[in-house]
Amino acid sequence: MTSDSAWLFSAEEIANSPSRADGVEAISEARTVARIADILREASRLLRLPMLTTAVAIKYWQRFYMIESLKKHAPYDVAGACLFLACKVQETHKRLREVIYAIIKIKTKGSADFPDGEDVRESHPNYFAEKEKLLIKERVLLRVLHFDLTVDHAYKHVWAMTKTFIPAPHLQSKVTQVAWNFINDSLRTYMHVQYCEREIAAAVFQLSAGFCRVPLPDGKSRDASGRRLIAWYELFPVNLERVNVIGDRIMDEYDPSMARPVSAPDENGRGMGGGGGGRNAWRGPERHACRT
């Protein structure tokens, strides 16, 4: 298997994705990326899956559409295959029928015919067609991804940073809570196929600490003996310029006034409550107040 970095693309490559080359407008592609992330998150909640499994599914979907076009493969069908595959990879196994039920129900929810979502169970006349479609898409997905299922997580890097730089347990929980919600909302963009997870983690950690008013070592302070205290970004080596660019990109996704995310996650990604709907669901601090 190759490393996660093998699936990073430049801004130019993303702007000229296969979908764009196939005539899909940029705004339409961006809306589809966000919508699929929302659907996968809703389906995961219905299936009681941890956020790490959801994130893997979203990243598989985004990697797929860096190679293939939205016009060639129906995004909802690929999303179901990504979630089913992510469940296997993360060992959070769900039956195929459960995944089909969740994806179809969320996809059709709010429609004229199915305001609460269509229930496609094994007895449903369309069930076997949906089952065959998902299994075919799973094979296509594996082929396009070259069976490279390696996925790094920004979540684990954030957790490591909070434990390293924030000694107080209650502040660790607070900063982690906000940072993980930033990550969750950033998955509604192609950011995770452009920047490495370590850089994204550093960006959300810095934003979260600023929002929570938790000072981070900046390399300017000194201890009692006069020795300079190392800055957080020196101990956790990242390109600070790129980290700041990512932070700006993340904050551009929000409206100026917003309610806080809720339900701090644990180290395994369970217990994640807020941050599920981007601009409409995560209303946080005034934009510049988040920056350190």
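Residue indices begin at 1 and follow the sequence shown. These values consider heavy atoms only, across backbone and side chains, with no hydrogens, waters or symmetry-generated copies.
- Take Glu29 and apply the salt bridge (charged side-chain N to carboxylate O under 4.0 Å, His left out) test, not counting sequence neighbours, and it matches no residue.
- Of the N and O atoms on the side chains of Asp185 and Tyr254, at least one donor lies less than 3.5 Å from an acceptor on the other residue.
- Taking Arg242 as the reference, Glu199 meet the salt bridge (charged side-chain N to carboxylate O under 4.0 Å, His left out) condition, with sequence neighbours excluded.
- Between Ile103 and Ala43, the shortest heavy-atom contact is CD1-CB, 4.0 Å.
- Under 3.5 Å, the side chains of Glu197 and His153 contain no donor-acceptor pair of N or O atoms.
- Of all heavy-atom pairs spanning Val175 and Ile166, the tightest one is CG2-CD1, 3.6 Å.
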Please assess Trp232 against Phe236 for the test ring-ring contact (aromatic ring centres under 6.0 Å, His included), listing each intermediate value before the final yes or no. CA-CA 6 Å; Trp232 70 271; Phe236 190 86; 7.3 Å; no
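- Taking CG of Leu83 as the reference point, atom OG1 of Thr54 lies at 7.0 Å (rounded to 0.5 Å).
- With sequence neighbours left out, Lys137 forms a salt bridge (charged side-chain N to carboxylate O under 4.0 Å, His left out) with no residue at all.
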Under the side-chain contact (heavy atoms from CB on, under 4.5 Å) criterion, do Phe9 and Gln194 qualify, and how do the steps go? CA-CA 5 Å; Phe9 300 83; Gln194 182 175 2; over 6 Å; no
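- Atom OG1 in Thr189 sits 8.0 Å away from atom CD1 in Ile250 (nearest 0.5 Å).
- By the criterion of side-chain heavy atoms lying less than 4.5 angstrom apart, applied directly or through intervening Ile, Leu, Val, Met, Phe, Trp or Tyr residues, Leu70 is not grouped with Ile27; the two fall into different hydrophobic clusters.
- Val238 is not connected to Leu8 by any chain of hydrophobic side-chain contacts under 4.5 Å among Ile, Leu, Val, Met, Phe, Trp and Tyr, and they are in different clusters.
- Applying the salt bridge (charged side-chain N to carboxylate O under 4.0 Å, His left out) test to Lys131 and every residue at least two apart in sequence or in another chain returns nothing.
- Contact between Tyr155 and Ala55 at its shortest, heavy atoms only, is CE1-CB, 3.8 Å.
- In terms of the side-chain contact (heavy atoms from CB on, under 4.5 Å) criterion, residue partners of Asp22 (sequence neighbours excluded) are, by chain and number, Ser69, Lys71.
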Distance-only donor-acceptor pairs under 3.5 Å for side chains of residues 30-37, two or more places apart:
| residue | atom | partner | partner atom | Å |
| --- | --- | --- | --- | --- |
| Thr32 | OG1 | Ser28 | O | 2.9 |

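- In this pair, Phe205 and Phe165 present their aromatic rings tilted. The plane angle is within the 30 to 60° band.
- Annotation: the span from Gln177 atom CD to Thr162 atom OG1 amounts to 12.5 Å, rounded to 0.5 Å.
- Glu138 and Lys88 are joined by a salt bridge, as a carboxylate oxygen and a charged side-chain nitrogen come within less than 4.0 angstrom of each other.
- Closest approach of Leu149 to Tyr60, counting heavy atoms only: O-OH, 2.9 Å.
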